[in-house]
There are 2 protein chains.
Amino acid sequence: MTINGSAVTVDLVLLTIRAGALHVLLIRRGIPPFKGRWALPGGFVLSGEDLEDAARRELREETGLDPTAGHLEQLGTYGTPDRDPRGRVFTVAYLALLPDLPAPVAGSDAAGADWLAIEGLEDLAFDHDRILADGVERARAKLEYTPLATAFCPPEFTIAELRGVYETVWRARIDARNFHRKVTGADGFVEATGQSVTRERGRPAQLFRRGPAALLHPPLLRPGS
Amino acid sequence: MTINGSAVTVDLVLLTIRAGALHVLLIRRGIPPFKGRWALPGGFVLSGEDLEDAARRELREETGLDPTAGHLEQLGTYGTPDRDPRGRVFTVAYLALLPDLPAPVAGSDAAGADWLAIEGLEDLAFDHDRILADGVERARAKLEYTPLATAFCPPEFTIAELRGVYETVWRARIDARNFHRKVTGADGFVEATGQSVTRERGRPAQLFRRGPAALLHPPLLRPGS
DNA sequence: CCGTTAATCGTCATGTTGACGATAATAGCG
DNA sequence: CGCTATTATCGTCAACATGACGATTAACGG
């Protein structure tokens, strides 16, 4: 029943926050086309394999990370006829938001895999510039009305760390006091572990974990818009 | 470079509002598999054809409508291995929001194409139940923070008609006075044609057309949530 | 003990929301 | 033509949310 016999791949936009900047995991291509250029990690969907399973498998292969941490969602499908010079290849892009991995990128099957700062990135292989841009925009938008910012954090985090996520992803300064009020006030966004405090330089902060809410009410709106 | 030689199709979730209820365009399958069952319109992506072009082409073929009216966006891709008994078929679903077509469904290449009320629909072919549900949920969500409700309306419409869209899609009653205030107050949502009024039974209403905004600020939040 | 730093609580003017009263402008009808 | 039903549109008000920013608290490094 194959009519056009196309290839279907899965590509991953893996985002994390390192050193106060949004980073994406890229792989330097060792073979043509686009040899030597950075590309999103990805690969072919295996026969009999579900799309999301393929994404999860790639995630594990590229990061060595168990995909239970963080967040994974389908971003969109890209199928412009000439996007791959080798032939017709459709790619289903997935977006993952991950906490800064203490474990290095190990076990990645591609040569040079590395986290690169988003800022100013360009000239990726294929149409990965656009896929990346779409992923970043999706992440920015979703922080507004979902509790997904917690996906960038370790299981337990402080309000200030969560605020740092918003400030980094949105490239905006946020008033610490109002942010604290909104986040602790939003229904089910975070819940205090109560038990603990932590410190770094100033007054110790309470630790929180993500709450049960799937949607934020009310949403946190981006400043500029 | 074809590794797994899969088939890629485009399926359409065409939504419109008729008689105060949300309707979807379905086609009764004339051949197996799922012969006699309702299915979303769709078809194979042609070689050399862009995904969105394929969606637009199907839209035109199924509805005879020029896809400039209304709204079309990618909904998601479905590729569970056994979703099509004939083999591995990935389908890229598109969601379209259309005004109630005065023109009947003409020129559709499938036998029985018809608009069916969403309410209580089930047992569609393939995984179209889920695709439809995802499309409806997407439409519901997008009415909150985009001006897409206007895609269900003719080029010029009254605030009451727009309110009817929200009430139908959200299955909720909305206070006419507050709705009027919010919609006319939201930046770029609608703009008065000024020139005209229309009537049906009560006081004549002003006519509006959709404004330039792509996002609603502030959003219109669903009541229940 | 003191300054520095960061967390957290408060206050206040302003803006938004939901509930609902009041008016305005038509059509239909006797 | 006045009356009534119907719908559009404007207003009012209390509850709540928001942004700006002051004040207090609890650590740290000297």
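Lettering of chains follows the sequences in order, A, B, ..., and the numbering in each one begins at 1. Excluded from the calculations below are hydrogen atoms, water molecules and symmetry mates; all remaining heavy atoms, backbone and side chain alike, are included.
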Given atom CZ of A:R199 and atom P of D:dG29, what is their separation to the nearest angstrom? 11 Å
Contact list (N/O, under 3.5 angstrom) for nucleotides 18-20 of chain D vs protein:
unit_1, atom_1, unit_2, atom_2, d
D:dT18, OP1, A:K182, NZ, 2.4
D:dT18, OP2, A:K182, NZ, 3.4
D:dG19, N7, A:R181, NH2, 3.0
D:dG19, O6, A:R181, NH2, 3.4
D:dA20, N7, A:N178, OD1, 3.4
D:dA20, N7, A:N178, ND2, 2.9
D:dA20, N6, A:N178, OD1, 3.2

Residue pair A:R177/A:G202 against DNA chain C: nearer the 5' end by closest nucleotide is A:G202
Take atom CD of B:E144 and atom P of C:dT17, then tell me their distance rounded to the nearest Å. 13 Å
Can the ring centres of A:F157 and A:F208 be said to be less than 6.0 Å apart? no
Result of checking A:L14, A:L12, A:L26, A:L25 against A:L40 for side chain to side chain contact (heavy atoms under 4.5 Å, CB included): A:L26
Could you state the CZ-P distance from A:F157 to C:dA7, rounded to the nearest angstrom? 14 Å
Figure out the CD1/P separation between A:I174 and C:dA6, and round it to whole Å. 17 Å
Is any side-chain N or O of A:H180 closer than 4.0 Å to OP1 or OP2 of C:dT8? yes
Taking the six-membered ring for Trp, are A:Y166 and A:F179 ring centroids under 6.0 Å apart? yes
Are any of B:R201's side-chain N or O atoms less than 4.0 Å away from OP1 or OP2 of C:dA27? no
For residues B:L51 and A:T77, determine if any side-chain heavy atom of one lies less than 4.5 Å from a side-chain heavy atom of the other. yes
Whole angstroms only, please: what is the CD1-C1' distance between B:I159 and D:dC10? 14 Å
Taking the six-membered ring for Trp, are A:Y78 and A:F90 closer than 6.0 Å centroid to centroid? no
In this structure, are over 12 heavy atoms from other groups packed under 6.0 Å from A:E137 atom CD? yes
Nearest-angstrom distance from the residue atom NE2 of A:H217 to C1' of C:dT17: 14 Å
Testing the basics here: between A:I131 and A:T91, what is the closest heavy-atom pair and its distance to 0.1 Å? CD1-CG2, 4.1 Å
B:R203 side chain N/O closer than 4.0 Å to the phosphate oxygens (OP1, OP2) of C:dA24? no
By nearest nucleotide on DNA chain D, pick out whichever of A:V197 and B:E161 is the more 5' one. B:E161
OP1 or OP2 of C:dA7 versus the side-chain N and O atoms of A:R163: is any pair under 4.0 Å? yes
